[in-house]
Amino acid sequence: MNAAEKYPYPTVVDAAARFGHRGQDDEQPPAVPTFPTQGGPAPELEEDQDQPVRTRMVQACTDLAQNAGARLRRRPVAELTIAEQRRRQQRRANRARQARNVGRRSVTYSGWTLRGLPVVADGLYRVVWQPERAARLRKSHAAAEVQAIGDEKAEKRAADKAMEDMATLNKDRWFRGGAILVIGGTVYFGWPHIIDSTPWWGLGLIGGGILFALARLGRPQDAALELEEAAEEEPLALLPAGLDLTASDRGTAVTLAEGLEQIKVKGQVTFVKRSPAGWGWTSGLSLLDEITEAKLNQLERYLDCIPGGLILAASEGTARSRTMRIIMEDLLATSVTSAPRQVGVLTLRQPAEVGTRFDGGRLALVLAGIHIQLIGRTGSGKSSILLILFDVLTAAVGSVVVGIDLTAGPDMRAWEPAMSRPLATDVLAAERLLTAVEAIMEDRTARLGMREWTAEDGPQITVVIDEYARLAEVARLRARVDSLITRGKKVRVVVVLANQREVLEWMGSRTASTNVDVKIYAAMEAGDAAQLPKDLRDQGVRPAMFVPAQDDQPNDAGKAYVVGLGAPILSRFDHLTREESHGRALQRSGAVETWTEADEAAAVRTARGNVPNLLADLRDAVLAIGGQRTPPRASGAEVEAWMEQQGRPVEGGLTRSLKREYGQLAPPSRDTNLNRGENPKGYHLADVETAITAWQQANGQVPTGQTTD
């Protein structure tokens, strides 16, 4: 038995030949084969000579197949970078698009070929029967008969001419019909011989030529219109085609010009430039009419770009010049995990990467001397954006961070180890912190003079306030924040405000919205987005297009429009979890920067100032208990209970103690109207601060300047 009989499959026979196997009973041992592998030596066979040759051969073939499969196996998505994932998705989309185009063209060409069959039949009919020639003869004969009316000789000549012409036509018809029958019979009876005598490639050429001829005969005069028939027959035939990433720059310019005409805007397209990153195009416009938000929405639907994918901004040049970015491919579909930051290397004056831009580049913010406002609804990624800002602020040199969150949320608590002061979670702690920062701001302003603030003068103090709406309910706290916003930037005292809505009833005043430098708009409700400034909405700032996170689906969480750095920038901030934030905060807790000695002295002087202890305790108690009441007030029982909890109980009653120590300067105890049907006596914050000011003036001291709302 030879190898071919024993191993009938070619692969096995080949493997047997490489083993040198000649038969089952041969005494000569087989040669050891060598097989190429993917980056290593050839697989070695086991040294056991008793093992059957066939078993070792099958094992070697299996190893060879596994190595080949390893070379051909695609890398899993988890091992790909974001750029590689985008390229893979783009290639897949291009292949699908090409397949659709090929299929559409194949259907069109098949239609032409089928249409060519009746065209051939009609052509044969016209060649043999010649209907056009017969019609011309009848027409000419009728005209000759009309002219010969009244002349017998002329009528006879016309009749003879008609009979002669029709006889000639019939003879020609019989001749052509006979020629067609002879040719057809020759082809029909000689077809087997033609097939036998013609090589296979010749038959292919003949068949291809016949199909090509039929397609050419069935092709309409305007083939381009025929190619569009498939699209016109679709259900959405009335909709414009829109743009596609495969369109050329010139085609994009034409489509954009048609879109401007569709929305009734007078203007022209000056240039169109494709983005090398593959997100879309940058186009220049020269406009006589303004593109409003409503028209921008219409143009977006006409071009069929991604939701919120048109960003319009003024450009340098004439008053008509505008720059429009048409975003067709969402490069922000997946968020990027925030990379660890090296502490003590960068300063706030250097750009810090915090996210990805719509064009695939990185979003970098310079946080030195700027106020930031962050707006986003639940699920918008607002908390994650705030964690990223904390990450930059606590890692930079020359930066002191303090925080306020009257809801005591877990996000701010995650970064508390990296703050220079404990997180303020109640009205009293927030009032003390803001008072201290405001005192530092005033002291720095007095020391600054006319020069510019430098890093040698002291670190930047950033007050981060989450859920600002809760703080804005307390008028005195909101007034202090407004003071920091309007006067603190020149001495490097800035604020970062995070809120769910930007409407007036949530912000308390227009100061925060109109005086911040950078605004970050994450996902918002449509009603709230409609209240954004008109100039922003006309530029394409449409945060209502973002889909908030739901359950485990991140959707558009982290996406936001960054406004204040020139044209609005559509970005997606890096992702940072609460657990990662807390871990980084613990690592940086040992190197937290603190206020300078001058700043600390100014804060201590303002903490209680020269106010007597009992009056200071009373003010703190009323503020802590009733700071969110309108007006701020607390009953005597509430004040005494709070003082006892703080370890400073009042012996002999609060009212008597105040009268005993301050006499006529003591704040009055009056009705508080706290509960319906009850009217307990207590103290109003305005009365307490008036008493403090009166006591300071009576003792020849400068009032601390407490404000009351």
Side-chain angles (χ1 to χ4, degrees), residues 338-354 362-374 385-404 412 414-424 433-434 436-465 481 483-498 516-518 564-565 574 576 581 584-604:
S338 176
R341 302 183 190 275
Q342 191 172 357
V343 181
V345 176
L346 300 178
T347 66
L348 294 179
R349 291 185 175 274
Q350 296 173 293
E353 294 184 356
V354 295
R362 295 292 290 167
L363 173 67
L365 296 181
V366 178
L367 301 182
I370 63 170
H371 301 301
I372 300 177
Q373 177 179 282
L374 171 59
I385 298 175
L386 198 62
L387 295 178
I388 290 292
L389 297 179
F390 259 115
D391 188 30
V392 177
L393 292 170
T394 57
V397 177
S399 175
V400 172
V401 185
V402 294
I404 300 174
M412 294 279 282
W415 280 105
E416 188 173 11
M419 300 181 189
S420 60
R421 291 290 188 276
L423 178 66
L433 180 59
L434 291 174
V437 175
E438 188 177 20
I440 293 174
M441 177 190 67
E442 294 175 351
D443 181 70
R444 285 185 173 186
T445 303
R447 291 188 286 115
L448 181 63
M450 300 299 295
R451 61 185 178 84
E452 190 74 18
W453 186 266
T454 63
E456 289 74 17
D457 296 320
Q460 172 174 304
I461 300 177
T462 305
V463 183
V464 183
I465 305 175
V481 174
S483 176
L484 297 180
I485 293 176
T486 54
R487 299 187 296 137
K489 186 165 60 174
K490 63 181 179 180
V491 291
R492 290 295 185 270
V493 176
V494 299
V495 298
V496 176
L497 307 179
V516 295
D517 303 283
V518 175
L565 303 176
D574 295 343
L576 185 62
S581 299
R584 296 184 185 186
L586 292 175
Q587 293 175 358
R588 302 171 189 177
S589 59
V592 175
E593 294 196 34
T594 58
W595 299 340
T596 62
E597 294 183 1
D599 293 341
E600 191 71 39
V604 171

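Every heavy atom of this structure was used, including side-chain atoms; hydrogens, water molecules and symmetry mates were not.
Look at Glu456 and Arg492 and you find no salt bridge, because none of the NZ, NE, NH1 or NH2 atoms lies under 4.0 Å from a carboxylate O. Under 4.0 Å is where a charged nitrogen must lie from a carboxylate oxygen, and between Arg487 and Glu442 at least one such pair does.
When side chains are defined from C-beta on, Val354 does not count as touching Asp574, because their heavy atoms never get closer than 4.5 Å. Between Val516 and Ile372 the shortest side-chain heavy-atom distance does not fall below 4.5 Å. Contact of the Ile404 side chain with the Val464 side chain is not registered, since no non-hydrogen atoms from C-beta on lie closer than 4.5 Å. Counting only heavy atoms from C-beta outward, the side chains of Val496 and Ile465 never approach each other to under 4.5 Å. Between Leu386 and Met412, the closest side-chain pair of non-hydrogen atoms falls below 4.5 Å. Val481 has its side chain within reach of Ile485: a pair of non-hydrogen atoms, C-beta onward, lies under 4.5 Å apart. At least one side-chain heavy atom of Ser420 sits under 4.5 Å from a side-chain heavy atom of Trp595.
Here the closest non-hydrogen pair linking Gly398 and Leu348 is O-CD1, 4.3 Å. Residue Pro417 comes nearest to Val592 through the heavy atom pair O-CG2, 3.7 Å, listed as atom of the first residue, atom of the second, then distance. Contact between Thr445 and Met441 at its shortest, heavy atoms only, is OG1-O, 2.7 Å. Between Pro459 and Ser399, the shortest heavy-atom contact is CB-N, 4.0 Å. Nearest heavy atom pair, residue Gly403 against residue Leu433, reads O-CD2, 3.8 Å.
In terms of the side chain to side chain donor-acceptor pair (under 3.5 Å) criterion, residue partners of Asp517 (sequence neighbours excluded) are, by chain and number, Lys489. Listed by chain and number, the residues in a side chain to side chain contact (heavy atoms under 4.5 Å, CB included) with Ala418 are Thr394, Trp415, Ala585 (sequence neighbours excluded). Under the rule for a side chain to side chain contact (heavy atoms under 4.5 Å, CB included), Gln587 has no partner lying at least two apart in sequence or in another chain. For Arg584, the salt bridge (charged side-chain N to carboxylate O under 4.0 Å, His left out) criterion is met by Asp391, not counting sequence neighbours. Evaluation of the side chain to side chain contact (heavy atoms under 4.5 Å, CB included) rule for Glu353 yields Arg362 as partners, not counting sequence neighbours. Residues passing the side chain to side chain donor-acceptor pair (under 3.5 Å) test with Glu416, sequence neighbours excluded: none. By the side chain to side chain donor-acceptor pair (under 3.5 Å) test, Gln373 is found to be paired with Glu502, residues two or more places apart in sequence or in another chain being considered. Every side chain to side chain contact (heavy atoms under 4.5 Å, CB included) that Val397 has, sequence neighbours left out, goes to Thr347, Glu593. Legend: residues meeting side chain to side chain donor-acceptor pair (under 3.5 Å) with Thr596, ordered by chain and number and at least two apart, are Asp599.
Side-chain atoms of Arg444 come within 3.5 Å of backbone N or O of Val491 as a donor-acceptor pair. For the pair His371 (side chain) and Val495 (backbone), a donor-acceptor distance under 3.5 Å is present.
Of the candidates Leu365, Val518, Val494, Thr462, Val518 is the only one forming a side-chain contact (heavy atoms from CB on, under 4.5 Å) with Ile370. The side-chain contact (heavy atoms from CB on, under 4.5 Å) with Val463 is formed by just one residue from the set Val402, Val400, Leu497; it is Val402.
Between the side chains of Ser483 and Glu438, at least one donor-acceptor pair of N or O atoms lies under 3.5 Å.
Here CZ of Arg349 is found 12.0 Å from CG of Leu367. Values are rounded to the nearest 0.5 Å.
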